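Read the structure below first, then the notes.
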There are 2 protein chains.
Amino acid sequence: MTDDDTTSARGGLKPGKRPTINDVARIAAVSKKTVSRVINQSPFVREETRVRVNQVIEELGFTPDAQARGLAFRRSFLVGLIYDNPSPNYVVNMQQGVLDALRGSGLELVVHPCVRSSETLVADIRAFVERQKLFGVILPPSMSEDERVIEVLRELDCPYVRIASVSLDEAGSMLVTNDHLGAAEAGRHLADLGHSRIGFISGPALFRSSAVRGGGFREGLAEKGITLDDRYVAVGAYTFESGVEAAKTLLALDPPPTAIFTGNDEMALGVFKVARDMGLEIPRDLSVVGYDDLPMASRVWPNLTSVRLPIRDMGRMAAEKLLAPMRGLDPAKLNQPEVRPSLVVRDSATTL
Amino acid sequence: MTDDDTTSARGGLKPGKRPTINDVARIAAVSKKTVSRVINQSPFVREETRVRVNQVIEELGFTPDAQARGLAFRRSFLVGLIYDNPSPNYVVNMQQGVLDALRGSGLELVVHPCVRSSETLVADIRAFVERQKLFGVILPPSMSEDERVIEVLRELDCPYVRIASVSLDEAGSMLVTNDHLGAAEAGRHLADLGHSRIGFISGPALFRSSAVRGGGFREGLAEKGITLDDRYVAVGAYTFESGVEAAKTLLALDPPPTAIFTGNDEMALGVFKVARDMGLEIPRDLSVVGYDDLPMASRVWPNLTSVRLPIRDMGRMAAEKLLAPMRGLDPAKLNQPEVRPSLVVRDSATTL
DNA sequence: CTGAAAGCGCTTACAG
DNA sequence: CTGAAAGCGCTTACAG
């Protein structure tokens, strides 16, 4: 439609071809290096020149080619999200946060799921990062906890930010979620409600958060003089189905627990299901506390009491750390609040 | 660790640098063009040569540079998922399906959310697609329904597959979900259960599926001699919160509906919430039928009767269409089953 | 503040 | 079946 409007500026352009930096340079009557400087916001361009070049860029509808830039820069404009998390809800929330941070940065997000137990995991990740020459990588749990992967990233000189419940790396490449604090709060809460025969459904051993949340929970109970009985601990896999299995085991104990704390919300819903199937009413017959506070926690019935983790914010903050150097900031010194999980009391846990 | 093992093959390689196609060519004693042929699986390479080259590639740990290949090919190895869907669950499911199809293809997935009502939408998408020279794009609803976006993709010569409830394009770039069929089934089901004063919470007008599902539902009811009263139709936004609002409106009518069909599951959960708040028991006092059959449909209580859409499969099939030409197949003639939504009867709807 | 040359690591015609 | 040359569209030193 507006082809004619730009005829003057497009003079000499081959039809059907995208304008390149050469076209911009020719029409703006500068060298392509100067155009490159304008694109990359170099300060060494006279204001007048910059304006003229930007005007031509605008008129031509010029968009720098990511492949060509990447080839010359030896680095792409792609951020990788490498994950193995079994909870799609967790992943999608974090992904949204990462995208929040990337918006307007010129970087794009490549999602790369993988299987941590796969024999080819390390080779796969190496190929992915090397081939795409990623700008950087974000690693949610439990990918963040695999030192073989970290080793590869270091070797390939690929910046990364790890998200984990405890610190595993230097501040600039680490986002700590302090899960022991939230779990301790859950423990104190259940103890305060008068529970003492309490069950715990742990996440899988592969996740640091499983042990950290379990440890924090024990700690919180201990503060109130309660000891978690190992017979009342079941190991799940952070999935709904595993929550179902673990709940069956725990509720078959004699005497059964009066309350159950689960390593994440997904498994808490599994407890909900088993309780209903057994004719137990929550919270009257069984108190349940989850972890993560996914959106669904406040949509199920009864509303799930859960430890809130700001998953989306975590994704955003991790991405901001990754982008910090590009903005001339020190990733270790961003003015980011520490992640402090906190208990959201709803209706699924009550006094004994 | 194994550095020494490869010393022979790495002879002459600059330390600390990734091997390039030149290194492979030199060590295998062929031209780089031949190496390129092996990488791209050209049939015009002698078996013996191919084996030798692959061996050197293996020994060197050579990975072709995606940027360089993209620059030469004038096309990247990235597939874009451009979406504006308000339901994170829907998106994450579809995304998983797309990733299923991409696994092993050498292509990576770039996720690109956007706001359809934004003034810069078209320009944003143009810049994204042009800059990344995308291999192709997948468009879930309602992005799939925006003809301005399609126009840009055609102009940029970017292959795409649209996912929508009705056909909007040629078979090769279209995945039709036939939503009228599933909605009609929901209508017949509620009618068969004896309901006649039935509410409908529609999706937003921007989504074709809203009208298609509404139309199918009316059709199904009509088959049973029931007419949907416009006073019992509320318009939502496919979100939980909008479901809450719409349910409040419908349940405040005098007389209130005895059953509600919602345009998606997310809004059905909103109805669940309002019913509970009003002291109504589902399904005794109110029957509810949803659409999509997200995993959570079978995790809430009572289990939600819902029209099942194989969202993950849809993502996979759409991606397979996109990849078909690369595999020498005609995307219009893939042996894919048609998407047939079907009602999954659970516990949230019962006889009047 | 600006530019001409060389190069990033691949592939596409074009020959042979 | 194989290769030498040119080019994809940018940026990095290096000069001026």
Side-chain angles (χ1 to χ4, degrees), chain A residues 13-14 16-53 56-57 60-78 106 127 130-133 135 157 326, chain B residues 13-14 16-53 56-57 60-78 106 127 130-133 135 157 326:
Chain A
L13 272 195
K14 292 152 204 149
K17 281 204 64 175
R18 297 179 40 190
T20 73
I21 196 174
N22 287 308
D23 300 314
V24 176
R26 180 165 38 74
I27 293 170
V30 295
S31 76
K32 55 200 265 197
K33 174 57 197 160
T34 297
V35 178
S36 172
R37 286 196 182 91
V38 172
I39 295 170
N40 292 296
Q41 318 204 32
S42 156
F44 304 115
V45 181
R46 221 190 321 163
E47 183 54 22
E48 184 195 315
T49 314
R50 175 192 310 286
V51 169
R52 181 153 41 96
V53 170
V56 175
I57 287 177
L60 252 42
F62 167 71
T63 312
D65 183 295
Q67 263 77 39
R69 291 228 290 166
L71 183 57
F73 269 136
R74 290 160 192 75
R75 179 127 293 177
S76 76
F77 299 90
L78 303 172
E130 194 167 13
R131 191 190 305 270
Q132 301 295 338
K133 293 215 294 287
F135 177 89
D157 216 33
M326 184 169 122
Chain B
L13 272 196
K14 294 152 206 150
K17 283 203 61 173
R18 296 179 41 189
T20 73
I21 197 173
N22 287 307
D23 300 315
V24 176
R26 181 165 36 74
I27 294 170
V30 295
S31 75
K32 55 200 266 198
K33 175 56 197 159
T34 297
V35 178
S36 172
R37 285 195 184 93
V38 172
I39 295 170
N40 292 296
Q41 318 204 32
S42 155
F44 303 116
V45 181
R46 223 192 318 163
E47 184 53 23
E48 185 197 315
T49 314
R50 175 192 309 287
V51 170
R52 180 154 40 95
V53 170
V56 174
I57 287 178
L60 254 42
F62 167 72
T63 313
D65 182 293
Q67 263 77 38
R69 291 228 290 167
L71 183 58
F73 268 136
R74 291 160 193 74
R75 180 126 291 177
S76 75
F77 298 91
L78 302 173
E130 194 166 13
R131 191 188 307 269
Q132 301 296 337
K133 294 215 293 289
F135 177 89
D157 217 32
M326 182 169 125

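Atom set for the values below is all heavy atoms of this structure, side chains included, hydrogens, waters and symmetry mates excluded. Throughout, a chain's letter reflects where its sequence line sits, starting with A, and its residues are numbered from 1. Worth saying up front: this structure is predicted, and the values here are computed from it rather than measured.
With contacts defined as side-chain heavy-atom distances shorter than 4.5 Å, the pair B:V53/B:R37 does not qualify. Using a 4.5 Å heavy-atom cutoff, the side chains of B:V51 and B:E47 are in contact. At a threshold of 4.5 Å between non-hydrogen side-chain atoms, the residues A:V56 and A:F62 do not count as touching.
Out of D:dG3, C:dC1, C:dC8, the shortest distance to the side chain of A:T49 is found at C:dC1. Relative to the side chain of B:L71, the nucleotides C:dG9, C:dT2, D:dT2 differ in distance, and C:dG9 lies closest. With C:dC10, D:dC1, D:dG3 as the choices, the nucleotide that has an atom nearest any side-chain atom of B:A72 turns out to be C:dC10. The side chain of B:R69 lies closest to C:dT11, out of C:dT11, D:dC8, C:dT2. Distance from the side chain of A:T34 is smallest to C:dG3 among D:dT11, C:dG3, D:dT2. With distances taken from any side-chain atom of B:K32 to the nucleotides D:dA6, D:dT11, C:dA13, the minimum falls on D:dA6. Side chain of B:K33, nearest nucleotide from D:dC10, D:dA4, C:dC1: D:dA4.
In this entry the distance linking CG of A:L60 with C1' of D:dG9 reads 15 Å, nearest Å. Protein atom NZ of B:K133 is 16 Å distant from nucleotide atom P of C:dC10, rounded to whole Å. Regarding A:N22, its CG atom lies at a distance of 13 Å from the C1' atom of D:dT11, rounded to whole Å. Atom CD1 of B:I21 is separated from atom P of D:dC8 by 18 Å (rounded to the nearest Å). Summarising the geometry, the separation between CZ on B:F73 and P on C:dC8 is reported as 20 Å, rounded to the nearest angstrom. The distance from atom CD of A:E48 to atom P of C:dC1 is 12 Å, rounded to the nearest whole Å.
If you check every strand for non-hydrogen atoms under 4.0 Å, A:F44 touches a base.
Close to C:dC8, at under 4.0 Å from its OP1 or OP2, lies no side-chain N or O of A:R74. A:S31 has no side-chain polar atom (N or O) that falls below the 4.0 Å cut-off from OP1 or OP2 of C:dT2. The side chain of A:R46 places an N or O atom within less than 4.0 Å of a non-bridging phosphate oxygen (OP1 or OP2) of C:dT2. Residue A:N40 places at least one side-chain N or O closer than 4.0 Å to OP1 or OP2 of D:dT11.
Base pairing in DNA chain D yields stems of at least 3 consecutive Watson-Crick or G-U pairs, both distances under 3.5 Å, namely C:1-3 with D:14-16, C:5-12 with D:5-12, C:14-16 with D:1-3.
Using a distance-only test at 3.5 Å, with no hydrogens or angles considered, a donor-acceptor pair links the side chain of B:D65 to the main chain of B:Q67. No side-chain donor-acceptor contact under 3.5 Å links A:S76 to the backbone of A:G70.
When the options B:I27, B:V38, B:V30 are evaluated for a side-chain contact (heavy atoms from CB on, under 4.5 Å) with B:R52, the one that passes is B:V30.
In terms of heavy atoms, A:S42 sits closest to A:V45 at O-CG2, 4.0 Å.
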